[in-house]
Every structure is written in C-alpha cells, then in structure tokens.
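Comments concern the structure below.
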Amino acid sequence: SMMRYSNGQFRTKVVLYGTLPTFKGFTVGVRYSGIGGTRYSLRVNGNVNGDFVNSNDLAFVFDPSTPGLSETIIEGINNVLANPDNLANDYIRESLGKVAVRNGGENAYFGNWDLRAAKKIYFSGERQSGIELGLDIFNVANLLNKEWGTSKTLGNQNLLTIRNFETVEKAYVYEVNPNVGVTTPGGTPFQMQISGKIFF
C-alpha cells in the first residue's frame with residue numbers, strides 16, 4: 001500500500017529569534033514562528049463502514065459530471081466547488097470520482113511576530129543593582145492590522161452526511177455540506193504584557 005500523510009504532518013516550519021545590540025540600556029528582541037502544510041481529511045459524517053465510529057470514514061467525492069448521479073449531489077458538489085471561501089477546493093478537485101486520500105488536504109502557511117523591549121535602570125553608578133522594565137507584545141502584526149497574524153487552517157472536514165439508507169437501491173442517501181472548506185480566521189489576537197524585575 002502507498003505511504004500516506006500522518007496526522008502531525010507539516011511541510012514548513014520556521015522559528016527565528018533575534019536581539020538587537022543594547023543601546024543606552026534598551027534591548028529589543030523579536031521572535032517569529034510560522035508553520036505551513038499541516039494536513040486534514042475529507043470525511044463522511046456517519047458510519048459508512050460499520051465500525052461503530054461516526055467520525056473517521058473518508059468521503060467518496062462524487063464527480064458531478066457522472067451520468068445518473070442525483071441532482072441534489074450534483075448541485076451540492078458544484079456549489080462547494082464554486083464557493084470562493086472554500087479552502088479545500090484543490091483537495092476536493094483532486095479527489096473527484098474516488099475516496100479522498102487521508103490527510104490529503106494541505107493548509108496554507110501562516111506566522112506570528114512577537115516583540116520584546118526592555119530597559120535597565122541602575123540604582124547606582126556601579127551598575128550592580130537596579131530594575132529592568134519590560135514590554136512584550138505577542139502577535140505584534142495583529143496590533144497593526146486585525147487581518148494580519150491570523151491563521152486560516154482547516155481541521156478534518158465533513159464533506160458528506162448520511163441522511164438515509166435506501167433499501168431498494170441498497171445505497172446511502174447523502175447530503176453535501178455546503179460549508180466544507182470554510183473557516184473563520186483563527187489564532188490569538190495581539191496581547192501586551194508589562195513586567196518589572198529587580199536585580200542585585
């Protein structure tokens with residue numbers, strides 16, 4: 001059998017740290033972390049294979065051009081493919097007419113910038129004791145623009161839901177999830193933290 005992607009698979013991960021030289025007691029540091037290419041699967045909401053688990057069966061992705069396919073399924077798949085907010089579009093198109101590959105969907109890259117500024121104030125000329133004041137801004141890009149520093153990543157997506165079982169045709173009746181591949185921006189908004197540290 002073919003190798004497949006694992007649940008923890010990712011394509012790119014970047015973590016950078018940097019600190020500027022101290023200037024007049026001020027220190028400024030930045031941290032960047034980003035990840036891209038995390039994975040998700042297209043699934044069926046229902047127990048297709050009879051294993052008593054309703055949340056792990058991979059979806060068969062109906063090709064809307066298949067002759068004899070129900071109008072409801074054709075319309076449902078076409079609407080999903082036409083939805084500009086559907087981030088799973090490529091994965092769905094690659095899967096038309098077959099069972100979706102587990103973890104075949106790939107999320108886009110996103111990252112966050114954190115900023116730390118600190119200032120040392122000495123109690124005496126010997127520079128042995130004093131106080132260090134600090135300001136941390138987490139996800140600083142989000143402070144500048146609320147669209148920045150957010151992530152649009154998908155977890156496993158239910159493409160189909162089982163609605164019925166037709167005993168005459170011996171086939172499941174499916175409903176297409178119109179919101180498959182749609183997500184709201186995630187992540188944490190910017191946060192600020194002020195700190196003070198006395199040193200001797």
Side-chain angles (χ1 to χ4, degrees), residues 1-16 32-66 69-70 72-114 138-139 141-142 145-164 171-190:
S1 80
M2 266 177 65
M3 289 280 288
R4 298 290 185 215
Y5 297 107
S6 72
N7 292 341
Q9 172 81 23
F10 60 85
R11 183 173 295 257
T12 311
K13 187 170 189 175
V14 176
V15 179
L16 300 171
Y32 175 81
S33 61
I35 191 165
T38 56
R39 295 284 173 168
Y40 62 92
S41 298
L42 289 173
R43 301 188 308 195
V44 176
N45 184 9
N47 184 15
V48 178
N49 62 4
D51 65 357
F52 306 106
V53 179
N54 281 359
S55 61
N56 200 32
D57 296 344
L58 293 168
F60 181 86
V61 184
F62 292 98
D63 186 335
S65 66
T66 306
L69 195 59
S70 103
T72 316
I73 295 287
I74 293 171
E75 187 182 343
I77 296 288
N78 280 333
N79 286 345
V80 159
L81 291 173
N83 183 350
D85 296 326
N86 173 8
L87 301 176
N89 215 318
D90 291 346
Y91 179 25
I92 294 169
R93 285 186 190 282
E94 289 160 11
S95 306
L96 289 175
K98 56 189 181 218
V99 174
V101 171
R102 186 165 305 279
N103 295 322
E106 185 176 340
N107 283 307
Y109 183 87
F110 72 95
N112 278 344
W113 289 95
D114 298 331
F138 304 102
N139 197 2
N142 189 249
N145 180 330
K146 68 182 179 72
E147 301 293 319
W148 297 347
T150 59
S151 63
K152 281 194 165 185
T153 56
L154 298 173
N156 289 327
Q157 298 289 296
N158 285 334
L159 175 66
L160 304 172
T161 299
I162 296 174
R163 284 290 167 233
N164 206 343
Y172 285 110
V173 176
Y174 294 104
E175 181 182 327
V176 177
N177 173 7
N179 296 315
V180 68
V182 178
T183 187
T184 53
T188 53
F190 76 88

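Heavy atoms only: backbone and side chains are in, while hydrogens, waters and symmetry mates are out.
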Are side-chain heavy atoms of Tyr109 and Val14 found at a separation under 4.5 Å? yes

Using a 4.5 Å cut-off on heavy atoms from C-beta on, say whether the side chain of Asn78 contacts that of Ile74. yes

Apply side-chain hydrogen bond (donor to acceptor under 3.5 Å, both in side chains) to residues Thr38 and Asn107 and explain how you reach the verdict. CA-CA 5 Å; Thr38 56; Asn107 283 307; 3.0 Å; yes

Do Asn83 and Asn89 touch side chain to side chain, with heavy atoms closer than 4.5 Å? no

Taking the six-membered ring for Trp, are Trp113 and Tyr32 parallel (under 30°), tilted (30 to 60°) or perpendicular (over 60°)? tilted

Working to the nearest 0.5 Å, report the span between CG of Asp63 and CD1 of Ile77. 9.0 Å

Between the side chain of Asp114 and the main-chain N/O of Asn139, is any donor-acceptor distance below 3.5 Å? yes

Quick one: closest heavy-atom pair of Thr150 and Phe110, and the distance? O-CB, 3.9 Å

Just how far is it from atom CG of Asp57 to atom CZ of Arg102, taken to the nearest 0.5 Å? 8.0 Å

Could you check whether any side-chain N or O of Ser95 sits under 3.5 Å from a backbone N or O of Lys98, counting only pairs where one atom can act as donor and the other as acceptor? no

Is the backbone N or O of Leu81 less than 3.5 Å from a side-chain atom of Asn86, with the two atoms forming a donor-acceptor pair by type? no

Roughly how far, to the nearest 0.5 Å, is CD of Glu175 from OG of Ser70? 11.0 Å

Checking Asn177 side chain against Leu159 main chain: does a donor-acceptor pair fall under 3.5 Å? no

Gap between atom CG of Asn112 and atom OG of Ser33 - 0.5 Å precision: 5.5 Å

Should Ile35 and Thr12 count as side-chain neighbours, where that means a heavy-atom distance under 4.5 Å? no

Check whether any side-chain N or O of Asn158 sits under 3.5 Å from a backbone N or O of Leu160 as a donor-acceptor pair, and report yes or no. no

Kindly determine whether Thr161 and Tyr174 satisfy side chain to side chain contact (heavy atoms under 4.5 Å, CB included), including the steps that lead there. CA-CA 6 Å; Thr161 299; Tyr174 294 104; over 6 Å; no

Please tell me if the side chains of Thr183 and Leu154 come closer than 4.5 Å, counting only heavy atoms from C-beta onward. yes

Nearest-0.5 Å distance that lies between atom CG in Asn79 and atom CG in Asn179: 11.0 Å

For Asn142 and Phe190, indicate whether the former's side chain and the latter's backbone hold a donor-acceptor pair under 3.5 Å. yes

Closest heavy-atom pair and its distance - Tyr91, Asn103: OH-N, 4.3 Å

Nearest-0.5 Å distance, CG of residue Asp85 to OG1 of residue Thr184: 11.0 Å

Do Arg39 and Glu106 make a side-chain contact, defined as non-hydrogen atoms from C-beta onward lying under 4.5 Å apart? yes

